[in-house]
**Student:** 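Before anything else, here's the structure in question.
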Amino acid sequence: MSAKKLGLREKYSKMTRDLSWEPSYQPMEKIYPQTEMEGLKIEDWDKWEDPFRLTMDAYWKYQAEKERKLYAIIEAFAQNNGQLNVTDARYINALKLFLNGVSPLEYAAHRGFAMAGRQLPGVGAQVACQMQSVDELRHVQTQVHTISHYNKYFNGLDDFRHKHDNVWYLSVPKSFFDDAMTAGPFEFITAISFSFEYVLTNLLFMPFMSGAAYNGDMATVTFGFSAQSDEARHMTLGLEVIKFMLEQHPDNVPIVQRWIDKWFWRGYRLLSLVSMMMDYMLPKKVMSWKEAWEMYFVQNGGALFEDLARYGIRMPKYWEQTVAGMDHLSHQTWNTFYTHNHAAAFHTWMPEEDEMQWLASKYPESFDKYYRPRWEHYKKLEEEGKDFSNPSLPMLCQTCQIPMFYTEADDPTTISYRVSEYKGDKYHTCSDGCKDIFDHEPEKYIQAWLPVHQIFQGNCGGGSLEEVLDWYRLNQGVENVKYHLSEDFSNWKKWKGLDPETESDDEPRQVSNG
Amino acid sequence: MSYEVTIEPLGETIEVEDDQTILDAALRAGIWLPHACCHGLCATCKVDVVDGEVEQGDASPFALMDFERDEGKCLACCATPTSDLVIEADIEEDADAEVHPVEDYAGVVVAIEALTPTAKSVIVELDRELKFQAGQYVNLHLPEIGQTRAFSLANSPSEKRRVELQIRHIPGGEATSFVHQQLKVGDKVDITGPYGRFFVRRSADADALFLACGTGISSPKSMILDLLEQGDDRNIKLFHGARNQTELYDRDLFEQLAADFKNFRYTPVLSQPNGDQTWEGAVGYVQDVAQSHLENDFRGHQAYLCGSPNMIDSAITVLMQGRLFERDIYFEKFISAADAAQQSQRSPLFKSI
């Protein structure tokens, strides 16, 4: 009788778990010092079920082929001047926001999973984290190629590392990941793999990837396909880690619930950038933020939390407020960027009339009543050559670092803000969700690097707006103006032959980057 | 036109219709394959085609690489067979599963006994021995009405020629009405089997907990008889639920077993005794009674559930509250087309629950 062929599971086990060993001259708690600091009780690491069975040798083979395909398409895109096939140059501003705000997060995720993999004592979890860490590095690299291409033709993409680390609104995504990475390994995975990549992923991916497809950006679409085959693995890891923690000990349930509450709210706040991408920045719309939130969170998320209820986990705290806020989130966010465009490295604009009608049809409860009049006023000022800008520095939320412009969930005319006192100082937050997060770990959040505070403390290049923007390496008068006044717009008209007054160039000319 | 697809390492063979995906056919046949996006992008459902040919459908080139297509892989959610197939999926081969080939048997009804006003025990003598694993079911063909229905085998596997089926009358149900009203001793019936992957995981070092309602007791009866005959010394706990005393049956049998074997405990439970003064036993739903008897701590058990979908759903919640999770909970689940359509609304948190 011939030897029995190894099943897929056994083969996987031989190539992963069997590679582990019991330490002999150091105790486990010294090797994995972060295991217990979060208060979780893990009784049996063997109960960790590897959510996917991929060995490292197979992993390299897959990723190599993905890279070959992706780079072939990116290359073809560049050679064919694919950037000229996007719907219009306003679309590029969604890319600018994503590439400056989110691409560096992929790198942060690469670091974070390397650290989590080092700190988790189970070999199954270690392998999963290692692969995800390498995935994230691959993702950031491919996105840097996209940056590199678009940077030749459009402003605002020339210094993503510096901007991500310094510019005020980019501190929102940056601090989100910093918060996760400075937590323990289990909270990190709950934050990123579960809350972000599982519960909220469709809300990030869908507008970015479908938005790219709708708007003719095939380089980004291809990246999306290439990444999605990794994301499925990441999401499964998120689910497994949640089940594992909940099944290991009943005392873990309240800890996990608090992490879910926290990271749901942090993620929701971060996604406000996505909401305005969907409703305002994509020239050809995919769906409204409200429709996306109803479909991907209320329905799909609801099904997940029905299943999680068996473990004693309830819906994330304050989720009702996110539903109440659906009608307002994107408009209030866009308003803030429009009125602070002079401090942003992308262009904003007021929607055209047909876009206003689209917004009114998607937001019948709120748009015509609260936002259209404001937009029409701004438009009138634009026509008079008196574009409105708000020169003041806004107060930021101590937790999410977003300016305090959100309104109360039940009243769109009252700004929502909360105050906490800690060691004799007052700290302000934008919502009940952010206040709870602050109050639970005040010592962590009082150390937050808040861009506005830093400016006032003289740590950002100087006291004047101009000095601060220089310090941001923001090419003033070029990157930070309204779209209708931008070089992007005038170039686009030239390249596409849309401007009757100028001769259309045969070749797209590269812009000079400051 | 349809094709036969054998799924390794289970060794189960299913029928796949023209233009039906392998995943769809497998889920409908009650075989769980790993899957997530269901439209060719995530690659969770990747399987090896060991023998035969498939049409790859809409599998994304990033989810199913060229070299994988050359190696004979496919995505079960997109691939349709173009010949009979053998595939190998990333699922566990259960060490406790016995392999018994499915065969056709000719049988004669040798006894019919009313268990309760709504349930009958039908004993069928077969033309030869039927080997099966306790917990499995057979298809009963009723030639008079041209119908086939699945019923669990209630007898111990040591009884190979005479099989017992416990059949509840479903008002308006064609097959069960026929059994209750017309079937008689001496009638010929055909049986095909055994089927199913509901059986005791003996290799686990855990107590066995059976929660059964009504005629759902048939599989546990076979499983318990088998365990006790084999001299298995783990603790075996049976909670059998019925509406009232008239609907409760096989009580004498289980009470006798509980007297003979000290590792077997039997708890009959009535959900609606309605002031029955002669009932001194437990009252409520089986899962709730089990929860209070075991003080809401199910750890160290493996649970086997037999009952209505609602009862199974509630029982899972109760078990999980008592710290028993998916890997230790077993139940027989038939996924109909309607269930499969509903499943897509569910989250992928659980594999089979």
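A note on names: the letters A, B, ... follow the listed sequences, proteins ahead of strands, and every chain is numbered from 1.
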**Student:** Surrounding CG of Asp96(B) (heavy atoms of other residues, nucleotides or ligands, distance under 6.0 Å), is the total greater than 12?
**Tutor:** yes
**Student:** How long is the span from the CD atom in Glu43(A) to the CZ atom in Arg299(B), to the nearest 0.5 Å?
**Tutor:** 6.5 Å
**Student:** Can you confirm whether Glu67(A) is buried at CD, in the sense that more than 12 heavy atoms of other residues, nucleotides or ligands lie under 6.0 Å from that atom?
**Tutor:**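 Above 12, so yes.
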**Student:** Just wondering, are more than 12 heavy atoms of other shown residues or ligands nearer than 6.0 Å to OH in Tyr285(B)?
**Tutor:**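 No, not enclosed.
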**Student:** For Asp205(B), is the CG atom crowded, meaning more than 12 foreign heavy atoms sit under 6.0 Å from it?
**Tutor:** no
**Student:** Mind running side chain to side chain donor-acceptor pair (under 3.5 Å) on Tyr311(A) and Gln321(B) for me, showing each step along the way?
**Tutor:** CA-CA 7 Å; Tyr311(A) 289 107; Gln321(B) 285 168 358; over 6 Å; no
**Student:** Under 6.0 Å from the CD atom of Glu295(B), do we count more than 12 heavy atoms belonging to anything else shown?
**Tutor:**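 Not buried by this count: 12 neighbours or fewer within 6.0 Å.
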**Student:** Heavy-atom distance under 4.5 Å to chain A: side chain of Pro61(B), backbone, both or neither?
**Tutor:** both
**Student:** Is any side-chain heavy atom of Tyr62(A) less than 4.5 Å from a side-chain heavy atom of Glu68(B)?
**Tutor:** yes
**Student:** May I ask you to test the Asp66(B)-Lys69(A) pair for a side-chain heavy-atom distance under 4.5 Å?
**Tutor:**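 With C-beta onward as the side chain, the pair touches.
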**Student:** Should we count CZ of Arg314(A) as having more than 12 external heavy atoms under 6.0 Å?
**Tutor:**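 Correct, the count exceeds 12.
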**Student:** Before accepting this row, confirm whether a basic side-chain N of the pair Arg327(B)/Glu247(A) lies closer than 4.0 Å to the acidic partner's carboxylate O.
**Tutor:** yes
**Student:** Given that the side chain runs from C-beta out, which part of Glu8(B) has a heavy atom under 4.5 Å from chain A: side chain, backbone, both or neither?
**Tutor:** neither
**Student:** Name the member of Asp230(A), Leu239(A), Val253(A), Ile242(A) that forms the most heavy-atom pairs with chain B at distances under 4.5 Å.
**Tutor:**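 That would be Leu239(A).
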**Student:** Give, for atom CZ of Arg310(A) and atom CZ of Phe325(B), the distance between the pair rounded to the nearest 0.5 Å.
**Tutor:** 12.0 Å
**Student:** When you look at Glu71(B) and Lys61(A), which way does the salt bridge (Lys or Arg N to Asp or Glu O under 4.0 Å) test go after all the steps?
**Tutor:** CA-CA 13 Å; Glu71(B) 284 172 3; Lys61(A) 209 171 160 184; 3.1 Å; yes
**Student:** Of all heavy-atom pairs between Leu246(A) and Arg323(B), which one has the smallest distance, and what is that distance?
**Tutor:**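 The pair with the smallest heavy-atom distance is O-NH2, 2.8 Å.
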**Student:** Of the backbone (N, CA, C, O) and the side chain (C-beta and beyond), which part of Thr44(B) lies under 4.5 Å from a heavy atom of chain A, both, or neither?
**Tutor:** side chain
**Student:** Within the supplied structure, the quantity of interest is the number of heavy atoms (other residues, nucleotides, ligands) at a distance under 6.0 Å from Tyr214(A) OH; does it exceed 12?
**Tutor:**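 Not more than 12 within 6.0 Å, no.
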